[in-house]
Amino acid sequence: MGKSAFITGVTGQDGSYLAELLIEKGYNVTGLVRRNSNPNLEHLKAVRERVRFVHGDILDQRSLIVALEESQPDEVYNFAAQSFVGASWTQPVLTGEATALGVTRILEAIRTVNPKIRLYQASSSEMYGKVREVPQTERTPFHPRSPYGVAKAYGHYITVNYRESFQMHASSGICFNHESPRRGLEFVTRKISNAVARIKHCQQKELKLGNIEASRDWGYAGDYVKAMWLMLQQTEPDDYVIATGETHSVREFLEIAFSRVGLNWQDHVKFDQNLMRPAEVDHLVGDASLAREKLGWKPTVTFQRLVESMVDADMERVGRGENHWISW
Ligand code: GDR
C-alpha cells in the first residue's frame, strides 16, 4: 500500500505543488481546510478529485488531533500560517497564533496520535532578517525583522526542540523566497507579473510599490517541494537551507517582467510610502550546500526564466478575461 501524507495549507502555492508531487508518487493525500473559509481549490484543479479534504484549523488543537486520527498519515507537511510579512505588523497576535503556536499544535497532535509520523515544518529565510553573515547557512544566527519572522523562528525552534525532546522525525526547510504563477497576489513577484499583464492589456496604468532595492534569493516553488519530500525520506531528521544561491533586487525583477512584454517599468511604477515596512529585510541569499550534498537537491529554474514564466502565465490569464485587481 502507498504511503499517506497530510498537508496543512494545501490550497496554497506550496501545498498544491506538493499534493501534485505526492499523488504522482502514489501517496494518499489528505488536505486540511478551514471550515468557515470559502476554500479556493483553484490551484488544486489538476488533483482535486484525488485529494481527500478534512476540516480543521491550525488554531484549534482538537481539530488537528481528530484530523490526524482520521487520516493516519505517515508524513505531515505544515504550510498553514499567516504567511504575508506585511500583514504581520497589523495582525501580530493572529500571526503568532497561526505561524508560531500552530506549529506546537501540530507537534502535539502528532505526539498524541502517533509519534512516529514524520513532520516537515516550513521555516523561512525571514528568520535571518538583519543578516549576520552572507550567504546564510543552517548555522547562521537569526535576527528576525517582523512579527512574521519572529513567529517563524519560534516555529523553527519548537520543531528542533520536539525532535530533541521526544526523538520525533521532525525536519525544517529554511526556504528562501519561492515563486510561481500560483503565488498569492499580495507578494511582490506576483503583484508585478499580474500588473504587467493588466497594464499590457490596458486594464491598469500604474503599479505602486514600496522598497524596490530589497533583494531576495528567488527560486521556483515546484523545485522547493521536491526538497521538502526528500527531507522526510532521510533516515535522520535535520534542518536544511533551500535556496538558489543567487540574489536579485525587486528592481531587477521589474526590468525583466516589463521588458518581457515590451514595456519600460519606469513608465508605470510609482513609489508608495505606505508599502514600506516598519523594519525591512534588505538582502537575502542562501547557501544550500547541505541540501545538495545530503538530499541531492538542486534548483532547476533560473531567475530570468522564473520571472518570464510568471509574466507569461498572467498574460494568458488576463488575455482569457480572468482578472485579479489588488490595491495593496
Ligand atoms: P517576503 O516576500 O517578505 O520576502 O516573504 P514579499 O514578496 O512580500 O516581499 C519581498 C520584498 O519586496 C518588497 N516590496 C514589496 N512587497 C510586497 N509584498 N508588496 C509591495 O508592493 C512591495 N514593494 C516592495 C518588500 O518590502 C520585500 O523586501 C516571502 C513570504 O512568502 C514569506 O511567507 C516567506 O517566508 C519568505 O518569502 C521566504
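Hydrogens, waters and symmetry mates are skipped; everything else that's a heavy atom, side chains included, is used. Start at 1 and go down the list; that is how both ligands and their atoms are numbered.
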Is [X] reaching over with its side chain to a backbone N or O of [Y], donor-acceptor style, under 3.5 angstrom?
| X | Y | value |
| --- | --- | --- |
| His169 | Gln234 | yes |
| Arg105 | Glu97 | yes |
| His268 | Lys205 | yes |

Find all atoms of ligand 1 within a distance of less than 4.0 Å from any non-hydrogen atom belonging to [X], and give their numbers and elements.
| X | value |
| --- | --- |
| Asn177 | 1 (P), 2 (O), 4 (O), 5 (O), 29 (C), 37 (O), 38 (C) |
| Ser124 | 34 (C), 35 (O), 36 (C), 38 (C) |
| Val250 | 12 (O) |
| Leu275 | 21 (O) |
| Cys175 | 38 (C) |
| Glu126 | 4 (O) |
| Phe84 | 8 (O), 18 (N) |
| Gly210 | 21 (O), 22 (C), 23 (N), 24 (C) |

Cation-pi check for [Y] against [X]: NZ or CZ below 6.0 Å from the six-membered ring centre and within 45 degrees of the axis, yes or no?
| X | Y | result |
| --- | --- | --- |
| Lys25 | Trp229 | yes |
| Arg183 | Phe187 | yes |
| Arg216 | Phe176 | no |

Out of Arg277, Arg216, Arg190, Glu280, who gets a non-hydrogen atom closest to atom 9 (O) of ligand 1?
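Heavy atom nearest to atom 9 (O) of ligand 1 belongs to Arg277.
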With backbone taken as N, CA, C and O and side chain as the heavy atoms from C-beta onward, which portion of [X] lies under 4.0 Å from ligand 1: side chain, backbone, both, or neither?
| X | answer |
| --- | --- |
| Ala81 | neither |
| Ala214 | side chain |
| Lys191 | side chain |
| Val85 | side chain |

Check whether any N or O atom of [X], backbone or side chain, sits under 3.5 Å from an N or O atom of ligand 1, and answer yes or no.
| X | value |
| --- | --- |
| Val188 | yes |
| Arg183 | yes |
| Ser83 | yes |

Closest approach of Thr90 to Pro92 (non-hydrogen atoms, all atoms of both residues):
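Here Thr90 and Pro92 meet closest at C-CD, 3.3 Å.
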Considering all heavy atoms, the nearest Val51-Ala19 contact:
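In terms of heavy atoms, the two residues are closest at CG2-CB, 4.4 Å.
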Starting from the C-alpha separation in whole Å, work towards a yes-or-no answer on side-chain hydrogen bond (donor to acceptor under 3.5 Å, both in side chains) for His178 and Asp14.
CA-CA 9 Å; His178 43 291; Asp14 291 6; 2.6 Å; yes
Less than 4.0 Å is my threshold; does some heavy atom of Ser125 fall inside it relative to ligand 1?
yes
Check for me whether Asn211 has a heavy atom closer than 4.0 Å to any atom of ligand 1.
yes
Which is it for Ser249 and Ser215 under the side-chain hydrogen bond (donor to acceptor under 3.5 Å, both in side chains) test, yes or no, and what are the steps along the way?
CA-CA 4 Å; Ser249 62; Ser215 67; over 6 Å; no
May I ask you to say whether Glu70 pairs ionically with Arg52, meaning some side-chain N is under 4.0 Å from a carboxylate O?
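Yes, Glu70 and Arg52 are salt-bridged.
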